[in-house]
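Please read all numbers here as calculations on a predicted model, not as lab measurements. Starting from 1, each residue takes its place in the sequence as its number. Whatever order the structure lists ligands and atoms in, that order sets their numbers, starting from 1.
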Amino acid sequence: MLKPTIFVDLDLPKAVLNYLAEHCSVDAWTEEDTVPREELHTRLAPAEGYLTGGRRIDESLLEAAPNLKVVSSVSVGYNHFDIDAMKRHDVTGTHTPEVLDETVADLVFALMLGSARRVAELDQYVRDGRWKRGDDGVLFGLDVHHATVGIIGMGRIGEAVARRAAHGFGMKVNYHNRSRKPEAEAKYGASYMELDELLAASDFVVMLTPLTNETKSLIGRREFRLMKSSAIFINASRGATVDEPALIEALQDGTIHAAGLDVFQQEPLPADHPLLTLPNVLLLPHIGSATEKTRDAMAMLAARNLVAVLQGEEPPHRVPEFKV
Ligand SMILES: NC(=O)c1ccc[n+]([C@@H]2O[C@H](COP(=O)([O-])OP(=O)(O)OC[C@H]3O[C@@H](n4cnc5c(N)ncnc54)[C@H](O)[C@@H]3O)[C@@H](O)[C@H]2O)c1
Ligand SMILES: O=C(O)[C@H](O)CO
């Protein structure tokens, strides 16, 4: 039987490429730079499947890909999918939840600990030769253990953060979510709060919702003003869930103490971005799930999702909006 053609524009582990090649005729983009739009459209023309990362899937891409049946994203977030356009073109979307939860939760803790204890800033302090006896007071940070964390978006990753917070660090866990989660309340002693109440009560505010119309700029100037002046804001969701100019203002004028960010409105962060000038923000290049083991697992899951759809089976993780 003729194998369906698929286009892949990510560097994939050999085992994943082998698995795909067993079931599909694979056209892979092997250049280091992102595939240019025109070239992408050409390569997608014969493709029934597209395996990618955060590439925007919009009307013009779909028009260029008349044979496409499935876009399989190597990510849990799928805000780069234009769901309505995909439905119009009868293209389904899949994603890679669960396999990355613990790795992303580790990174949230790296941001919390790194911001609270000023890890990057003080590493630079030592390297610059500024460390001298008697400077202890200048080196103080804030405690993470037994502090209060407020998790906005108590989903799969939110729960992995709550578990670390409650059971590893003796923290009080507050959460805000679309719906209450009684099981999480029991497991982590977590308290459900409305957003404003959570912002006012938390030492660490951790953003972990997907980016949707409702969560776009959910945290802005008003929300920062509700936080404690000692609060540390962590964003590991998507940059656009936060009003970035308002965050910069809050960090500059002391409305909040510090921030730890893995995601930004524009990625990569431009070299002249104002966040780069602030000492009280820890900046990471969107590495929430970036360990070899986890990225390999995500890639294999994305491949299984794609092959399942092309074989007419229900994939392990179809994006909820496409479920019938
Ligand atoms: N930094 C990274 O590298 C990285 C890695 C993985 C995921 N993410 C981001 O984290 C997000 C969450 O992933 P997940 O697997 O935990 O998703 P999930 O769907 O399991 O959890 C999201 C939670 O947010 C809640 N939510 C949605 N809209 C809300 C709203 N308006 N107000 C309050 N709560 C709301 C949902 O009810 C759900 O419980 C992803 O969508 C992605 O954007 C980032
Ligand atoms: O959503 C995800 O899985 C990560 O942010 C990687 O894009």
To check your reading of the model: name the closest protein heavy atom to atom 7 (C) of ligand 1, its residue, and the distance in Å. V76 CG1, 3.2 Å
What closest approach, in Å, do A231 and S202 show between heavy atoms, and which atom pair accounts for it? CB-O, 4.0 Å
Does a donor on one side chain and an acceptor on the other come within less than 3.5 Å for D27 and S25? no
Give the atoms of ligand 2, by number and element, whose distance to some non-hydrogen atom of L100 is under 4.0 Å. 3 (O)
Please work out, at 4.0 Å between heavy atoms, whether the side chain, the backbone, both, or neither of R238 comes within that distance of ligand 1. side chain
Check whether any N or O atom of M298, backbone or side chain, sits under 3.5 Å from an N or O atom of ligand 2, and answer yes or no. no
Identify the protein heavy atom lying closest to atom 22 (C) of ligand 1, giving its residue, its atom name and the separation to 0.1 Å. P210 CD, 3.6 Å
V104, portion touching ligand 1 at heavy-atom distance under 4.0 Å: side chain
Considering only heavy atoms from C-beta outward, does the side chain of Y78 approach that of E321 to under 4.5 Å? yes
Within the 4.0 Å heavy-atom shell around M154, which atoms of ligand 1 are there? 39 (O)
When you compare the side chains of D9 and T52, does any donor N or O come within less than 3.5 Å of an acceptor on the partner? yes
A236 versus ligand 1: do any nitrogen or oxygen atoms come within less than 3.5 Å of each other? yes
Quick test: of every protein heavy atom, which one is nearest to atom 12 (C) of ligand 1, and how far off is it to 0.1 Å? L208 O, 3.4 Å
For V76, counting its heavy atoms only, list the atoms of ligand 2 lying under 4.0 Å from any of them. 1 (O), 2 (C), 3 (O)
Please compare N235, D262, T212 and report which has the shortest non-hydrogen distance to atom 1 (N) of ligand 1. D262
Looking only at non-hydrogen atoms, which of G53, S73, S75, G288 approaches atom 7 (O) of ligand 2 most closely? S75
The answer for which part of S237 has a heavy atom under 4.0 Å from ligand 1 is backbone
With respect to atom 4 (C) of ligand 2, which of H80, R295, E267, H286 exhibits the smallest heavy-atom separation? H286
Option with minimal heavy-atom separation from atom 35 (C) of ligand 1, where the choices are M298, H176, R178: R178
How close do A302 and V74 get, counting heavy atoms only, and between which atoms? CB-CG2, 3.7 Å
Tell me the protein heavy atom at minimum distance from atom 13 (O) of ligand 1, and give that distance in Å. I157 CD1, 3.5 Å
Protein contact to atom 21 (O) of ligand 1 [nearest heavy atom, distance to 0.1 Å]: G155 CA, 3.2 Å
Paired with T94, the side chain to side chain contact (heavy atoms under 4.5 Å, CB included) test is passed by just one of N305, L306, V319, namely N305
Quick check: does G288 get an N/O under 3.5 Å from an N/O on ligand 1? yes
Do M154 and I234 belong together in a cluster built from hydrophobic side chains that touch within less than 4.5 Å? yes
Which atoms form the tightest heavy-atom contact between S75 and M298, and what is the distance? CA-CE, 3.9 Å
Taking all atoms of both residues into account, what is the closest heavy-atom pair of G189 and K172, and its distance? O-NZ, 3.3 Å
Output yes when the distance from some N or O of ligand 1 to some N or O of R156 is under 3.5 Å, and no in every other case. yes
For ligand 2 and R238, I'd like to know whether there is a polar contact (N/O to N/O, distance under 3.5 Å). yes
May I ask you to list the atoms of ligand 1 that are less than 4.0 angstrom from any heavy atom of H286? 1 (N), 2 (C), 3 (O)
With V104 as partner, the option from D101, D106, L100 fulfilling side chain to side chain contact (heavy atoms under 4.5 Å, CB included) is L100
Testing L10, I6, V71 one by one against L51 for a side chain to side chain contact (heavy atoms under 4.5 Å, CB included), which residue passes? L10
For residues V138 and R130, determine if any side-chain heavy atom of one lies less than 4.5 Å from a side-chain heavy atom of the other. no
Nearest protein heavy atom with distance in Å, relative to atom 31 (N) of ligand 1: T215 CG2, 3.4 Å
Taking H176 for its side chain and M193 for its backbone only, find out whether a donor-acceptor pair lies under 3.5 Å. yes
Ring-plane angle category for H167 and Y188, please: parallel below 30°, perpendicular beyond 60°, tilted otherwise. tilted
Residue, atom and distance of the protein heavy atom nearest atom 37 (O) of ligand 1 read N177 OD1, 3.2 Å
Compute the shortest N/O to N/O distance between N79 and ligand 1 and return yes if it is under 3.5 Å, no if not. no
